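Take a look at the structure set out below.
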Amino acid sequence: MAKRVSIIHGAVCLAVGITSVTPAFAGGLERGGYNIDQLFDTSRFTMDTAATFVAPQRKLKNVVDTSPASGGNLNGRPNSADDSKSYWVPRIGFKAGLTDDIDCLADYSQPWGAHTKPGTNWAGANENVETKVRSNNYALTCSYKFDVGQGQLRLIGGGFYQELSGFKEREVAPTAVGRLDLEGDGWGWRAGVAYEIPEYALRASLVYNSAVKLNDITGTLDLSQVAALGRPVVGVYGRQDMPDSLEFKFQSGIAPDWLALGSVKWTDWSQFTTIPFYCRTATPGLCAAGGQATSLDLGYRDGWTVSGGIGHKFNDQWSGAVTVTWDRGTSQGFGSQTDTWTLGAGLQRAINENVDWRIAGAIGVLTSGSSSQRTIDGAALGNGVSYDFGNDIVAAVSTSLKVKF
């Protein structure tokens with residue numbers, strides 16, 4: 001039976017590598033998301049480093065400036081634009097088995113992010129010229145396992161510290177671009193449970209990640225190109241929670257050399273409707289001290305991600321896996337985040353007993369839709385532009401290296 005476990009183990013590791021690609025396509029502001037699979041590695045000590053490159057190809061068409069009086073009529077500009085930019089998602093983790101029953105994982109990741117840059121030469125420049133969000137997440141997660149029935153029950157807990165920063169630029173007057181710069185930080189925690197039967201390579205886990213309260217988001221609203229307002233640069237502040245999430249994962253050996261796996265994840269993106277920001281000091285023509293200066297309008301709904309796949313070990317050196325993932329789009333008629341379908345595949349090579357190398361690729365379809373003015377949770381969103389988009393392609397490649405001893 002020990003031989004059967006070792007045969008399946010290669011497929012288990014490879015499946016983890018493949019599924020790390022697909023979350024990069026999830027809705028909302030998700031990039032790498034949260035991943036603690038390394039905590040379950042059976043080696044006493046491991047270091048795992050990974051990098052994923054993602055290339056979405058979202059193109060907007062039939063763009064109409066629906067509020068020409070507010071910032072100048074932009075309908076004479078092109079009515080199409082490339083809305084997406086490629087990006088990297090890095091991750092590094094260190095896992096240690098402190099005792100036979102206690103494991104701890106320290107990791108760095110970038111769970112959240114966004115980057116769109118249609119530029120100024122399109123009819124929707126009063127809605128977006130460029131938007132970019134970055135994040136850093138530093139986490140420590142530990143588990144305690146003990147025998148229950150045929151397998152082991154594992155209790156999981158930990159905490160993480162996050163840094164968020166970003167900016168948005170849009171045309172606020174004819175040929176004048178305004179820029180909102182923001183940054184904030186906060187703490188979160190996670191708790192979960194897992195049940196494992198190593199004899200069958202079976203593991204089921206349920207993990208909750210708390211919201212991260214960004215109670216003191218600070219930044220500036222740069223209107224130095226707007227002569228009518230006296231070219232101000234205004235200090236602003238606000239607050240917003242990064243979303244909590246709940247994820248169930250399951251995997252099991254189904255035959256010698258074969259593994260099945262699946263997951264379901266919910267993310268609370270519906271709290272991201274509109275995020276107001278307020279002036280720190282009075283600014284003539286814009287706002288009083290404490291008055292609203294601007295807002296980030298997102299109009300999201302909750303995200304759901306469902307994934308399933310098969311892993312297979314070909315020989316002592318090579319394993320392979322494929323996954324299929326569906327992600328429910330977070331947009332509700334405002335924005336371009338519709339449903340995504342993704343096919344992932346990859347290979348793992350055991351270079352020696354201490355080093356594994358993985359490469360994975362994925363290709364997906366960003367489904368079609370349209371965006372226009374909507375009222376969501378009482379907030380009127382998208383009154384500046386409307387547009388359509390077709391079925392677009394997203395592709396990614398990921399590579400990782402694991403050292404274990």
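The basis for the numbers below is simple: all heavy atoms, side chains too, and nothing from hydrogens, waters or symmetry mates. In this text, all values refer to a predicted model and were calculated from it rather than measured experimentally.
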Between Gly299 and Ile376 the two heavy atoms that sit nearest each other are O-CD1, 3.7 Å
Tell me whether the NZ or CZ atom of Arg190 lies within the 45° cone about the ring axis of Tyr34 and under 6.0 Å from its centre.
yes
Is a side-chain N or O of Gln57 found less than 3.5 angstrom from the main chain of Asp392, in a donor-acceptor match?
no
Rounded to the nearest 0.5 Å, how far apart are OG1 of Thr49 and CD1 of Ile92?
4.5 Å
Is a side-chain donor-acceptor pair under 3.5 Å present for Trp122 with Asn79?
no
Check step by step if side-chain contact (heavy atoms from CB on, under 4.5 Å) holds for Glu163 and Tyr138.
CA-CA 9 Å; Glu163 300 170 328; Tyr138 309 90; 3.7 Å; yes
Straight-line distance of Tyr387 OH to Ser370 OG, nearest 0.5 Å:
9.5 Å
Between Ser400 and Arg358, is there a side-chain donor-acceptor contact under 3.5 Å, judged purely by atom types and distance?
yes
Find out whether Leu180 and Thr294 are in side-chain contact, i.e. whether some heavy atom of one side chain is under 4.5 Å from a heavy atom of the other.
yes
Using only atom types and a distance under 3.5 Å, with no angle test, would you say the side chain of Asp327 pairs donor to acceptor with the backbone of Gly27?
yes
Asp302 and Arg328 have their tightest heavy-atom pair at O-NH2, 2.7 Å
Ignoring hydrogens and angles, tell me if any N or O in the side chain of Ser371 forms a donor-acceptor pair with the backbone of Gly335 under 3.5 Å.
yes
Out of curiosity, His115 NE2 to Arg31 CZ, how far, rounded to the nearest 0.5 Å?
8.5 Å
Determine, stepwise, if the pair Gln162 / Asp185 fulfils side-chain contact (heavy atoms from CB on, under 4.5 Å).
CA-CA 5 Å; Gln162 280 181 20; Asp185 56 30; over 6 Å; no
Go through Arg170 and Asn128 one step at a time and tell me if the side-chain contact (heavy atoms from CB on, under 4.5 Å) criterion holds.
CA-CA 5 Å; Arg170 68 183 185 92; Asn128 185 31; 5.6 Å; no
If you define the side chain from C-beta out and look only at heavy atoms, does anything of Val236 sit under 4.5 Å from Thr220?
no
Please determine, by modelled atom types, if Asp41 and Gln38 share a side-chain donor-acceptor pair under 3.5 angstrom.
no
State, to 0.1 Å, how close Arg58 and Gly390 come at their nearest heavy-atom pair, and which atoms those are.
NH1-O, 2.9 Å
Note: Leu164 and Ser135 closest approach over all heavy atoms is CD1-CB, 3.8 Å
Exam field: side chain Ser295 to backbone Ile275, donor-acceptor pair closer than 3.5 Å:
no
Leu296 and Phe272, any side-chain heavy atoms less than 4.5 Å apart
no
Checking Arg203 against Phe250: charged group under 6.0 Å from the ring centre and within 45 degrees of the axis?
no
Spell out, as yes or no, whether a donor-acceptor pair under 3.5 Å connects the side chain of His312 to the backbone of Asp257.
yes
I'd like to know if Glu196 pairs up with Arg154 as an ion pair, taking the criterion as any Lys NZ or Arg NE/NH1/NH2 lying under 4.0 Å from an Asp or Glu carboxylate oxygen.
yes
Going from CZ on Arg134 to OH on Tyr87, what distance comes out if it is rounded to the nearest 0.5 angstrom?
15.5 Å
Mind checking the CG-CG spacing from Asn137 to Asp107? Nearest 0.5 Å is all I need.
7.0 Å
Are Asp297 and Thr274 linked by a side-chain donor-acceptor pair shorter than 3.5 Å?
yes
Output, in order, the C-alpha distance, side-chain angles, deciding distance and verdict of salt bridge (Lys or Arg N to Asp or Glu O under 4.0 Å) for Arg239 and Asp241.
CA-CA 7 Å; Arg239 70 169 305 278; Asp241 293 350; 3.1 Å; yes
Do we get Arg179 above Phe167's six-membered ring, with its NZ or CZ under 6.0 Å from the centre and within 45° of the axis?
yes
Taking the side chain from Lys132 and the backbone from Lys117, do they hold a donor-acceptor pair closer than 3.5 Å?
no
side-chain hydrogen bond (donor to acceptor under 3.5 Å, both in side chains) involving Thr330 - partner list, sequence neighbours excluded:
Gln337
Whether Asp222 side chain and Gly178 backbone form a donor-acceptor pair below 3.5 Å:
no
Test side chain to side chain donor-acceptor pair (under 3.5 Å) on Thr399 and Trp357; report intermediate values, then the result.
CA-CA 8 Å; Thr399 185; Trp357 172 75; 3.2 Å; yes
Does a side chain donor of either Ser307 or Thr325 reach within less than 3.5 Å of an acceptor in the other side chain?
yes
Sole residue of Leu286, Leu182, Val233 in side chain to side chain contact (heavy atoms under 4.5 Å, CB included) with Leu221
Leu286
Can you find a pair of side-chain heavy atoms, one from Gln373 and one from Ser386, that are under 4.5 Å apart?
no
Tell me whether Asp339 contacts the main-chain N or O of Gly329 through its side chain, where contact means a donor paired with an acceptor under 3.5 Å.
yes
Check: Gln332 side chain, Tyr300 main-chain N or O, donor-acceptor pair, under 3.5 Å
yes
Assess whether a salt bridge exists between Lys404 and Asp356, defined as any Lys/Arg side-chain N lying under 4.0 Å from an Asp/Glu carboxylate O.
yes
Do other residues, nucleotides or ligands put more than 12 heavy atoms under 6.0 Å from Glu183 CD?
no
With sequence neighbours left out, write down each residue that passes side chain to side chain contact (heavy atoms under 4.5 Å, CB included) with Tyr144, or none if nothing qualifies.
Asp101, Ile102, Phe146
Should the pair Arg77-Asp65 be classified as a salt bridge under the 4.0 Å nitrogen-to-oxygen rule?
no
Do Thr273 and Asp377 have a side chain donor and acceptor closer than 3.5 Å?
yes
Please step through side chain to side chain donor-acceptor pair (under 3.5 Å) for the pair Ser398 and Thr52, ending with a clear verdict.
CA-CA 4 Å; Ser398 176; Thr52 301; 3.1 Å; yes
Classify the ring geometry between Trp112 and Trp269 as parallel (under 30°), tilted (30 to 60°) or perpendicular (over 60°).
perpendicular
For Leu105 and Ile36, run side-chain contact (heavy atoms from CB on, under 4.5 Å): C-alpha distance rounded to whole Å, both residues' side-chain angles, the deciding distance at 0.1 Å, then the answer.
CA-CA 8 Å; Leu105 169 66; Ile36 62 168; 4.2 Å; yes
Any heavy-atom pair between the side chains of Ile363 and Ile393 that's under 4.5 Å?
yes
Check this for me: Asp100, atom CG, are more than 12 non-hydrogen atoms of other residues, nucleotides or ligands nearer than 6.0 Å?
no
Regarding Tyr237 and Asp216, is there a side-chain donor-to-acceptor distance under 3.5 Å anywhere?
no
With no hydrogens and no angle check, do the side chains of Ser245 and Asp268 hold a donor and an acceptor under 3.5 Å apart?
no
Main-chain N/O of Val385 paired to Thr66 side chain as donor or acceptor, under 3.5 Å
yes
Nearest-0.5 Å distance that lies between atom OG1 in Thr283 and atom CG in Leu223
8.5 Å
